[in-house]
A.B. asks: 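Got a structure for you, questions after.
This is a predicted model, so every value here is computed, not measured. Just follow the structure's listing: the first ligand is 1, and inside any ligand the first atom is 1.
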Amino acid sequence: MVSSSFADRPHHKLVLFDVDGTLTPARQAASPEMIEVLRALRKKVAIGFVGGSDFAKISEQLSVNNSNIVDDFDYAFAENGLTAYKMGKPLQSQSFLKYVGEEKYKRLVNFILHYIADMDVPVKRGTFVEFRNGMINVSPIGRNATIAERNEFEVYDKQHGLRAAFVKVLQNEFIDYGLTYSIGGQISFDVFPHGWDKTYALRHVADERFEEIHFFGDKTYKGGNDYEIYFDSRTIGHAVSSPADTIRILKELFLEA
Ligand code: M1P
């Protein structure tokens, strides 16, 4: 018999969620209804989020009245699980910078900044490369863009494929770096070592030997940042079209059953 931190839950199952587009609208807060559904779900199974964003941004989106999100979820995984908490306690992590090394990292960032300087995009704001623990995030318009600017760029990029073209250039230029490029949001893409996609988070839950691990995500197509974990044999994947769709499936599968 495996000892479990979740003996108080009637089902030894784990339900993991992507954040943007799955629990919340992109870069916005979770609705009161979503919070209520998650609370009800947590009485039955263990729950966690696996976001591509960093911890601070996910906190802004999921915190309720300044609550600490590591207490609201059994597992809290930011940066695909490179920043990880279980029952409020931090788990061991790795670093992008250590993996790549300072010299190679500098070459990569210099190349990216030169490329962005030459890009013709509707607006340019600030923070074109965001340095995170387990990845870097690259945005042609900059992370300081407003919500309206983000929405406009997303549409523009759908027409012009700027991010996809940028990623191709980087794949060729840094072929020996062992990096994955993932377009998970509206204005940017993430860059991290092969294997440090959202399946990275699964290593943190293996010791619990859950009967089932469900994963809900909206970017489950090839190239989307939910693709690998959605298709992973360790998870039961649910592709959703919006937070409302997530709520609908949760009710069907866990709350009304
Ligand atoms: O969670 C999905 C993505 O959210 C943000 O993307 P964007 O700013 O482009 O909408 C980023 O935090 C990104 O890292 C993350 O994968």
Side-chain angles (χ1 to χ4, degrees), residues 16-30 34 48-63 69 73 76-84 95-96 109 112 116 119 121-158 160-167 170 179-193 195-201 215-230 239-243 246:
L16 293 173
F17 300 94
D18 162 55
V19 180
D20 285 315
T22 301
L23 290 183
T24 74
R27 294 292 307 115
Q28 294 176 48
M34 179 61 84
F49 64 79
V50 195
S53 287
D54 59 24
F55 189 78
K57 290 192 195 73
I58 296 176
S59 278
E60 281 167 22
Q61 293 173 262
L62 298 182
S63 168
I69 53 169
F73 289 81
F77 298 126
E79 298 186 41
N80 297 348
L82 269 300
T83 300
S95 119
F96 178 81
V109 173
I112 288 170
I116 291 178
M119 276 179 110
V121 285
V123 297
K124 283 196 187 172
R125 297 299 178 245
T127 315
F128 300 98
V129 176
E130 186 171 79
F131 177 71
R132 299 179 181 169
N133 178 50
M135 64 173 69
I136 57 170
N137 176 266
V138 178
S139 173
I141 62 166
R143 299 213 57 78
N144 300 131
T146 62
I147 298 276
E149 288 162 348
R150 298 181 141 259
N151 293 341
E152 280 157 26
F153 179 78
E154 189 180 22
V155 173
Y156 185 84
D157 195 39
K158 275 198 184 117
H160 295 87
L162 294 177
R163 284 182 291 175
F166 195 169
V167 163
L170 292 173
L179 298 177
T180 296
Y181 302 84
S182 172
I183 302 177
Q186 295 177 290
I187 57 160
S188 65
F189 56 87
D190 297 327
V191 184
F192 46 79
W196 292 18
D197 51 63
K198 290 188 183 183
T199 59
Y200 189 96
F215 173 76
F216 287 71
D218 68 323
K219 297 196 178 57
T220 55
Y221 45 81
K222 190 148 178 53
N225 68 349
D226 297 324
Y227 174 78
E228 292 86 358
I229 190 168
Y230 172 78
V240 300
S241 55
S242 64
T246 303

A.B. asks: Does a donor on one side chain and an acceptor on the other come within less than 3.5 Å for Asp190 and Ser182?
C.D. replies: no
A.B. asks: Closest approach of Pro25 and Asp20, non-hydrogen atoms and distance?
C.D. replies: O-OD1, 3.9 Å
A.B. asks: Do Glu149 and Thr146 get their side chains close enough for a donor-acceptor pair, meaning under 3.5 Å?
C.D. replies: yes
A.B. asks: Select all protein residues for which some heavy-atom-to-ligand 1 distance is less than 4.0 Å, and list them by chain and number.
C.D. replies: Asp20, Gly52, Ser53, Arg132, Asn137, Arg143, Arg150, Gly184, Gly185, Gln186, Ile187, Ser188, Asp190, Asn225
A.B. asks: Quick one: does any side-chain atom of Asp218 pair with a main-chain N or O of Thr22 as donor and acceptor, under 3.5 Å?
C.D. replies: no
A.B. asks: Which pair of heavy atoms, one from Ser188 and one from Ser139, lies closest together, and at what distance?
C.D. replies: CB-CB, 3.8 Å
A.B. asks: How would you list, by chain and number, every residue that makes a side-chain contact (heavy atoms from CB on, under 4.5 Å) with Tyr230, sequence neighbours excluded?
C.D. replies: Phe215, Thr220, Ala239
